[in-house]
Amino acid sequence: MNVLLQTPGTDTELWRAALAAVLPEARIMVWPDVPADPDYALVWRPPSELFTAVEAPKAIFNLGAGVDALLAVPTLPADVPVIRLTDAGMAEQMAEYVTFAVLHAYREMHAYAAQQRESRWQPRPRLAKSGFGVGVMGFGVLGQAIASSLAPFGFPLAAWSRARKSTAGVTSFAGTNELSPFLAMAKVLVCTLPLTPETAGILDAGTLMQLPPGAHVVNIARGELVVDADLLALLDSGQIAGATLDVFRAEPLPADHPFWHHPRITVTPHVSAATLIPDSIAQVAAGIMRLEEGLPVTGRVDRMVGY
Ligand code: OXD
């Protein structure tokens, strides 16, 4: 079996060794070396030359959860199944990140940090949890892990997705008709949406204004989901109390971007979930073995909807 590997970052040799360990029979070629006829391609944000250099493989595995960059490659062969990572160790990491952000907001840690800078000893009254709903936008494997991680704390939980989901303890809102009531309960809005033509710019003034006053926004999905200027204006007016942003329209976030120094914004460098090599390779190898047996695989992308 021929496998073409084109990896994120610089640790290509670690990816290659992990793949070789689980698929010892495979002949692995690392981009820019290419087998003429790969059976499978494992890629992350590939250059468009990659797909013109080889015959169409049997399947393409995306070495990340978001397939927006891959689906935008003009040479991506049509009709080849695209499979993305669905958890691969990311769900636990994202649940940690978001749980921290939600508790940080609920326990008003920014206010205490400001008070500390002024040597001010001033306990604040406990906030009612009933008014501190957490709304998760996008409710796939990652969104569901986030909701499960938050469940023990007793916040009202809601999810917004394309199709209705039935999860105990989580109110499901579905489709554009139910976006407004979902936003109205989300004192913390957590965005895990895939970036598609439908979701690009979804967090603009029109939607963000519908959050309760003093809401928090947590974006761990893609920067293009947010209209930066609208978020900044609502933070400046106080309508939105804070934002925790892990992803940006341009990464690294340019040094002169106003997000860096905004007192109500926490910036992290796209770290809410690292792509873990052993976990990712385990999912890909299991997928290859299932495909070889003609079985369905998890993470198969519906190219029409974009994730
Ligand atoms: C992903 C990412 O899509 O790391 O997995 O952004």
Side-chain angles (χ1 to χ4, degrees), residues 5-12 14-15 18-19 41-47 50 59-73 76 81-98 100-101 136-146 149 161-162 190-203 217-226 228 243-254 259 266-287 297-303 305-307:
L5 178 65
Q6 179 261 329
T7 66
T10 50
D11 35 15
T12 306
L14 296 177
W15 283 93
L19 186 62
L42 280 50
V43 299
W44 177 246
R45 297 180 175 272
L50 184 142
I60 299 166
F61 287 84
N62 184 60
L63 297 178
V67 285
D68 43 292
L70 177 58
L71 297 189
V73 175
L76 180 69
V82 171
I83 297 145
R84 64 190 175 86
L85 297 181
T86 49
D87 176 348
M90 281 184 272
E92 181 183 342
Q93 299 177 70
M94 285 190 166
E96 291 161 2
Y97 184 100
V98 173
F100 176 81
V136 182
M137 290 184 104
F139 209 54
V141 172
L142 304 176
Q144 289 172 32
I146 288 166
S149 165
S161 43
R162 216 160 45 94
V190 179
C191 184
T192 73
L193 288 171
L195 176 63
T196 70
E198 279 70 43
T199 62
I202 191 168
L203 297 182
V217 173
V218 181
N219 186 16
I220 54 171
R222 285 289 182 267
E224 292 87 342
L225 299 164
V226 175
D228 294 1
T244 302
L245 306 175
D246 188 48
V247 287
F248 305 92
R249 286 174 177 265
E251 294 182 6
L253 183 63
F259 284 169
T266 299
V267 168
T268 52
H270 203 137
V271 291
S272 69
T275 306
L276 304 177
I277 297 175
D279 305 57
S280 306
I281 287 295
Q283 186 193 318
V284 170
V297 288
T298 53
R300 173 95 185 244
V301 171
D302 179 341
R303 292 214 208 177
V305 295
Y307 63 95

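All ligand and atom numbering here is 1-based and tracks the order in the structure.
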Asks: Under the 3.5 angstrom rule, does the side chain of Asn219 hit a backbone N or O of Arg222 as a donor-acceptor pair?
Replies: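 Checked: pair present.
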
Asks: Using a strict 4.0 Å cut-off to heavy atoms of Arg222, name the atoms of ligand 1 that fall inside it.
Replies: 1 (C), 2 (C), 3 (O), 6 (O)

Asks: I'd like the name of whichever of Gly66, Ser280, Ser272 reaches closest to atom 3 (O) of ligand 1 through any heavy atom.
Replies: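 Checking each option, the heavy atom nearest atom 3 (O) of ligand 1 is found in Gly66.
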
Asks: Please confirm whether Gly64 comes within less than 3.5 Å of ligand 1 when only nitrogen or oxygen atoms on both sides are compared.
Replies: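 No; every N/O pair is 3.5 Å or more apart.
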
Asks: Under 3.5 Å, is there a donor-acceptor pair between the side chain of Arg249 and the main chain of Val226?
Replies: yes

Asks: Walk me through whether Phe61 and Val43 qualify under side chain to side chain contact (heavy atoms under 4.5 Å, CB included).
Replies: CA-CA 6 Å; Phe61 287 84; Val43 299; over 6 Å; no

Asks: Going through the distances and angles, do Asn62 and Ile60 end up as a side chain to side chain contact (heavy atoms under 4.5 Å, CB included)?
Replies: CA-CA 6 Å; Asn62 184 60; Ile60 299 166; over 6 Å; no

Asks: Under 4.0 Å from any heavy atom of Trp44, which atoms of ligand 1 are there?
Replies: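 It comes down to these atoms of ligand 1: 1 (C), 2 (C), 3 (O).
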
Asks: Is it true that a side-chain atom of Gln6 and a backbone atom of Trp44 form a donor plus acceptor pair closer than 3.5 Å?
Replies: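 Yes; judged by distance alone, with no hydrogens or angles, the pair exists.
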
Asks: Does an N or O from Ala273, backbone or side chain, lie closer than 3.5 Å to an N or O of ligand 1?
Replies: no

Asks: Nearest protein heavy atom to atom 1 (C) of ligand 1, by residue and atom, and its distance?
Replies: Ala65 N, 3.3 Å

Asks: Please could you name the atoms of ligand 1 that His270 approaches to less than 4.0 Å, counting only its heavy atoms?
Replies: 2 (C), 4 (O), 6 (O)

Asks: Answer whether the closest heavy-atom distance between the side chains of Asp87 and Thr298 falls below 4.5 Å.
Replies: no

Asks: Hey, is Met90 one of the residues with a heavy atom under 4.0 angstrom from ligand 1?
Replies: yes

